[in-house]
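Per chain, numbering begins at 1; letters A, B, ... match sequence-line order.
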Amino acid sequence: MEIGKSYSPEEIEDKWYEFWEREGMFQPRQDMQGEPFSIVIPPPNVTGSLHMGHALNATVQDVLSRWKRMLGYRVLWLPGTDHAGIATQNVVERELAKESIDRHRLGREEFINRVWQWKAEYGGKIIHQLKKLGASCDWSRERFTLDEGLSQAVRDVFVRLFEEGLMYRDSRLINWCPRCHTALSDLEVEYEETDGRLYYIIYPLADGPGALTVATTRPETMLGDTAVAVHPEDARYKNYIGRMIRLPLAGRLIPVVADESVDMQFGTGAVKITPSHDFNDEATARRHNLPFLNVMTEDGHMNSEAGAVYAGLDRTACRRKVVEDLKLLELLDSEKKHKHSVGHCYRCKTVIEPFDTIQWYVKIESIAKEAIAAVQEKRIHLIPEGWENNYFGWMRDIRDWCVSRQIWWGHQIPVWYCPDCATSEGHLQGELIEHIFFEPFGLRDGLEIAGGTYAELRRKGMSHADIAASSKIIRIPRQVKPLCSRTDLTACPSCGSGQILRDPDVLDTWFSSALWPFSTLGWPDETPDVKAFYPTSVLVTGFDILFFWVARMIMMGLKCTGEVPFRDVYIHALVRDAKGQKMSKSKGNVVDPLTMIDRFGADAFRFSLAAFAAQGRDIRFSEERVEGYRHFINKLWNATRFMVGYTEFRSVVAPSAAELAADTRNSWILSRLSHCADDVNRNLGAYRFNEAANSIYHFIWHEFCDWYLELVKPDLYGDDAAKKRVVADCLFFVLERVVLMLHPFMPFVTEELWQRVLEKKKSITHAAFPCDLPCYPEAERRMTLVLDIISGIRSIRGELNINPSLEITVQMKTLNDDALEAVEENRASVIKLTRCRDLQTGRNVSRTKGSAMFVTDSVVGYIPIEGLLDLDAEIARLGKEKAKVEEAIAFFNKKLMNEDFLKSAPKNIVEKDRAKFEELARKNDKIADNLNLLKTIQ
RNA sequence: GGGCGAUUAGCUCAGUGGGAGAGCGCUUCCUUCACACGGAAGAGGUCGUAGGUUCAAUCCCUACAUCGCCUACCA
C-alpha cells in the first residue's frame, strides 16, 4: 500500500462523500436494529449560503450523528430548508425591479411561479455546501417548508388552533415595515441606539389662555394626537386635567387626561397621546377610551387624515415640514439632542412603524405554560442549563404571536370571507370589505377607480375576479366572519355564494418552522418515521433563535403532538472573528467556511470547530488553530505511513487486547487508549465536544506518537521477528481504534485510512465505535516510572546542552526491585530514547564523581559529564531544581504543621500530603549530596 | 432600568475546594531511517480588586472595577 508523504484532503473528500451517498450510508439502518436517534437540522433559509454559524451547527450535529451511528443506533439526521417568506420575496422582488416589474402587475400566481423558478435555480446552495463539510444527513428525506406535506401540516395546525379559539383576528398596533409592507412579530424588530432629537412643542389650551408643552421624538405623529396625558399627582398640571387643547396644525380639540403611566421626570411631564402610532399611547387610549386616528399609509406616507397640507408626504419629509410649520407659528419651544432606541426591520433595516391593523394572532398563554412546565420538569433539557432562566423569563412574559404577513411567498391563510353574507348586526359584509388597488382600474365608461368597498365596486360593474386581481390591500373588518377550512373553499358554506374572497395574507415563516420536528416526519399522518423518530433526540442550535424557533417548537410540539419535540437542546456559541467581533458582511470580517475547507480540508476545519465548542462562551475563530489541526492530521497520516511499513509483520489473525497486553508497553498504551475512549464517549454524551476532541488529540500526538511509537522502535528496527510481531500487532490495534474515534470529527481522512490504508472492506461509517476497552493500571504505573526516568535523562541532556549525537553513560541506582525490573524490561527503549551508550542499573551501581543527576520516585540516576560540559552549568541547574523542591517542601511543611489541617482535613488528603513531603525531602537530600560532590571537584 | 456571562501564561482559551493546564507564539538544541505540517528541552502566571466562609479558595459567598451579551413601552 503506497501512501503519500503528506495528507492531501482535496484528493479524497469528494470521492468519499459520493461513495457514502451512493451507498445510502446516511439512511437509518434498514435492519430496524438499534435504538432510534434523530436530529432535525435547523432549516437554513433557502436564500442563504453557508456561514460559520451553520458550519459549527452542522459539525456538532454530524459529530453526534456519526458517533451514534457507530454505536449502533438507528440514526436519522433530517435536512432541509425553510422558505424564508420575507427574505425570499425581497430577493425576487429586487430581481423583478430590475426589469421594472411590480409583483402586483404580475399577479399573485405568476409571482409565486417566479419565486419557485428562482428557488430551483439559486435556492438550496447551502445543501451543496453542507455536503462539502461532510454532513451525514439523509438527503432522501430532505424537506422544504413549502412542500406539500409540510403545507398540509401547517394548514391542519391553523385550523385546529382556529377551532379551539386560539387563532384569532384582532385590531391593534403591530410592528409594521413600510418597505416590506408587512406586519412583523415583536421578535423581528431590532432595536438600535440612535441619535435623535427631542422636540418640545407648545399645545395651547382651547378654553382660555395658557398652554402645555409636550416633548416628542416624532413630531409628525402629532397630527394623529387625540389627547395629552399628565400624571394625576403632578402638581404642575393638576388644573389642566379635563380641559381641552387645540391641537396645533390640525386644529382639533383634544382633552388633557390623567394617567399614572406618565413619567413626571421625563421631558415636561406632559405627553402627547397618538393611539394609532405608538404602543404606549395605544394602551393609554384604551384606558381612557380615546379615539384612534391613523394618519399614515401602509408605505409610510401621511394619509388624508393628516390634513391636506401633509397628505402624501413621506413620514420623514412630514417630520421636517411639521417642525418648520411649528417654528413659523412659534409653537416649537425648543429641541435638543436625544439618544433613544429605534426599531428596525430585521430583514431590510427600515425603521419600523407602529401601525394599527387587523392581524391574525395565536393566543399563546396556555401553550406557553405547558412549554415552561416541559422544561421545568426536565422533559426537555437545555444545555448548557444556564439558558433555562432566559427561556423562562421570555416565556413568562410572552405576548400573543402575530402570525400574519402581508406578503405572497408562504403558506396562505386558509380562511375565506363571503361578501354576500351579513354580519351578526345585519350589515352586508361586502359593504365592509375595503379594497385598495395597486393602480387605478379602468371601467368601461372610461372612469378610473382606485378602490372602494367590495359591494360598491361590484355595483360599479367590476367582476369578482377583477376586484381580487387589482387589490393591493384588502381591509377586512373584524365583524366579517372568517370561514376557516382544511380544504380550499369554492363557495360560502352558509349562503352558497361562489364569489368568496380568500384572506390574502400568508403565515409567518416561523409558524411553519415551529412544526418542523414533526411535520418533516410526515405528521399529522402517523407515518413510520413519526413513530420511530418522534420525539427527536436532540436539537442543536444557536441561542440567537432560542425564542424565534426553539420556544415556538416546544409550544407547537406540545400543542399538536402532545409530546415534547426533542429531549435535549444543545445551544452552541456564536462564532466571532479573531478579535471577538460579530461577523457581518458590512464589517467585512466574515470568514467563509468553504475557503477554510479549501485551504485546510474539511476535517481540520471541523475538528477546529469541535475543539472550539466549549460550553457557554462565544468562539473566537482563528485560522492558526485550523492550521494546527491540519498539522495534527498530517501527524496521524505520517504515523500511519510509518506503521504501514510493518504491515507484513502482523499476525494473520489480529490478536485480542488481552493477548497483546503481555508486553508492558502494549498494555500501557492499551490502557491509555481505554481511558481516551472513555473520555470521548463520556464527553460526547455530555455535549462537551472540545473535551472529547482534546482528549483524542492528546492521546494520538503525545501518548501514541511521542511515546509508544518511539518506545517500540528498537523492536521494529531489530531482527527479532517475534518482537516485531508483538508491537506491529499492537500498533495496528491502537491505530484502528484511534481512527474510529476520530471518525465523527474527521470523516474523510478516517474513511481514507480505514478503507484504503488499513484495507477494511466496509465503510467506517457503520463500524463499531470503541468503548469498554480493557485497562491495565499496573502497566500504567510501571511505564510511568520508565517514562519519568527517560524524561529525567532527557532533561539533563536538554538543559546542559549535550549534543544529541553524543552518547552518554547512565548510572542508575534503582531504589527497589520493581523499578529495576521495569527498567530492565524496557532497557532497549530507554537506551534508544536517551541515546545512551552504557546503561548501568542496580541497587549498588557505582557513581562517577563528576556527574549530573536526576531523581525520580524510584531511581537516582547519574550521568558522568566530565569532558562533556563544564560543571558550573550542572551546579546551576541543580541549584535551580533544589530551589523548586524546597519551595514545595515549605508548602507542605506549613500545611502539615497546621494542627487544624491535621484535625479537619480528610485522612487520605493528609496521608497523601505527608507522603509527598517525605518524598520531596528525600529528593532534596539527594540533590544536596550531589551538589556538594560537584562543588568539591570544581 | 432589569437580567446573564466573562476577567487564568505574550495571544486564544480549558479547568478544579487540596502542590496552576492546553494550543499557538517565544528561547535553546537537533535536517537521527513516519512526520521540520517534525523531535527534545526550557522560559513565562500573587488565576481582575477588596472582603468573607473553610483546616484549605483560582474555584463557594458579598461588594467593586472593567468588558461583553440579552432584555425593556426613556414619550
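- Distance A:R630 CZ to B:C24 P: 14 Å, rounded to the nearest Å.
- A straight line from CG of A:N638 to P of B:C37 spans 11 Å, rounded to a whole angstrom.
- B:G19 sits 25 Å from B:A41 when the P atoms are compared, rounded to a whole Å.
- A:F891 comes within 4.0 angstrom of sugar-phosphate atoms only, judged by non-hydrogen atoms across all strands, and of no base.
- The residue among A:P906 and A:R620 whose nearest nucleotide of RNA chain B is located toward the 5' end is A:R620.
- Minimum atom distance to the side chain of A:I909 is reached by B:G18, of the listed B:A14, B:G39, B:G18.
- Computed from coordinates, the A:W387 CH2 to B:G3 C1' distance equals 12 Å when rounded to whole Å.
- Here the straight-line distance linking atom CZ of A:R835 with atom CG of A:L806 works out to 9.0 Å at 0.5 Å rounding.
- Residue A:V262 is classed as a base contact, given a heavy-atom separation below 4.0 Å to a base.
- Among the protein residues, A:L709 comes within range of the nucleic acid bases, having at least one heavy atom under 4.0 Å from a base atom.
- Base pairing of B:A14: no nucleotide in any strand meets the Watson-Crick or G-U wobble criterion (both distances under 3.5 Å).
- The A:S791 side chain lies nearest to B:A41 when the options are B:A41, B:G15, B:G39.
- A:E691 comes within 4.0 angstrom of the backbone, heavy atoms only, and of no base.
- Distance NZ (A:K903) to C1' (B:U54): 13 Å, rounded to an integer number of Å.
- Within 4.0 Å of A:D706, counting heavy atoms only, lie sugar-phosphate atoms of the nucleic acid but no base atom.
- One can place CG of A:D679 at 15 Å from C1' of B:A22, the figure rounded to the nearest angstrom.
- A salt bridge does not link A:E627 to A:R599: none of the charged side-chain nitrogens sits closer than 4.0 Å to a carboxylate oxygen.
- Across all strands shown, B:A65 forms a Watson-Crick or G-U wobble pair with B:U7, both key distances being under 3.5 Å.
- Distance from the side chain of A:S6 is smallest for B:C37 among the nucleotides B:C37, B:C29, B:G19.
- Nucleotides B:C47 and B:A6 place their C1' atoms 14 Å apart, quoted to the nearest Å.
- Here the P atom of nucleotide B:G42 and the CG atom of A:L800 are 11 Å apart, to the nearest Å.
- Searching all strands for a Watson-Crick or G-U wobble partner of B:U32 with both distances below 3.5 Å returns nothing.
- Note: CG (A:L920) to P (B:G19) measures 12 Å, nearest angstrom.
- Using the Watson-Crick or G-U wobble rule with both distances under 3.5 Å, B:C47 pairs with nothing in any strand shown.
- Judged by distance alone, the side chains of A:K832 and A:Y717 never bring a donor and an acceptor atom under 3.5 Å apart.
- With hydrogens and angles left out, the side chain of A:K894 and the base of B:A56 share no donor-acceptor pair within 3.5 Å.
- Taking the side chain of A:N634 as heavy atoms from C-beta on, and the options B:A41, B:C35, B:A34, the nearest nucleotide is B:C35.
- Counting non-hydrogen atoms under 4.0 angstrom, A:H338 reaches the backbone sugars and phosphates but no base.
- As judged by a 4.0 angstrom heavy-atom cut-off over every strand, A:K339 is placed among residues making no nucleic acid contact.
- No side-chain heavy atom of A:E188 sits under 4.5 Å from any side-chain heavy atom of A:I352.
- Whole-Å rounding puts the A:F548 CZ to B:U71 P distance at 9 Å.
- Nearer the 5' end of RNA chain B, as judged by each residue's closest nucleotide, is the contact made by A:N690, out of A:N690 and A:K884.
- In this structure, A:W701 reaches the sugar-phosphate backbone alone: every heavy-atom distance under 4.0 Å involves primed, P, OP1 or OP2 atoms, never a base.
- One N or O on the side chain of A:H344 and one on the backbone of A:V342 form a donor-acceptor pair closer than 3.5 Å.
- In this structure, NZ on A:K923 lies 16.0 Å from CD on A:E918, to the nearest 0.5 angstrom.
- Here the side chain of A:R625 is nearest to one of B:C55, B:U12, B:G19, namely B:U12.
- Among the nucleotides B:G42, B:G18, B:A34, the one closest to any side-chain atom of A:K895 is B:G18.
- Taking the P atom of each, B:G38 and B:A50 are spaced 42 Å apart, rounded to whole Å.
- Taking the C1' atoms as reference points, B:C67 lies 36 Å from B:C37, given to the whole Å.
- Among the protein residues, A:Y717 comes within range of the sugar-phosphate backbone only, with heavy atoms under 4.0 Å from sugar or phosphate atoms but none that close to a base.
- The side chain of A:F642 has B:A34 as its nearest neighbour among B:G38, B:G23, B:A34.
- Among the atoms of the strands shown, base atoms are found under 4.0 Å from some heavy atom of A:K635.
- Using N1 to N3 plus N6-O4 or O6-N4 for Watson-Crick, or N1-O2 and O6-N3 for G-U wobble, each under 3.5 Å, B:C59 pairs with nothing.
- B:U54 and B:G21 have their P atoms separated by 29 Å, with the value rounded to a whole Å.
- Among the atoms of the strands shown, none is found under 4.0 Å from any heavy atom of A:R877.
- Using C1' as the reference atom, B:G48 and B:C59 are 15 Å apart when rounded to the nearest Å.
- For the C1' atoms, the distance from B:A14 to B:U8 is 10 Å, rounded to whole Å.
- Proximity of A:H572 to A:I619: side-chain heavy atoms (C-beta onward) are nowhere separated by under 4.5 Å.
- Each of B:C29, B:G42, B:A14 was ranked by its minimum atom distance to the side chain of A:N801; first place goes to B:C29.
- One can find a donor-acceptor pair under 3.5 Å joining the base of B:A34 and the side-chain atoms of A:E710.
- Remark: B:A20 base-pairs with no nucleotide in the shown strands. Criterion, Watson-Crick or G-U wobble with two distances under 3.5 Å.
- Nucleotides B:U58 and B:A9, compared at atom C1', are 14 Å apart to the nearest Å.
- Aromatic ring centres of A:F612 and A:F689 lie farther apart than the 6.0 Å criterion allows.
- Of the candidate nucleotides B:A34, B:C29, B:C70, B:C70 has the atom nearest to the side chain of A:N390.
- Taking the side chain of A:R641 as heavy atoms from C-beta on, and the options B:C35, B:C55, B:A40, the nearest nucleotide is B:C35.
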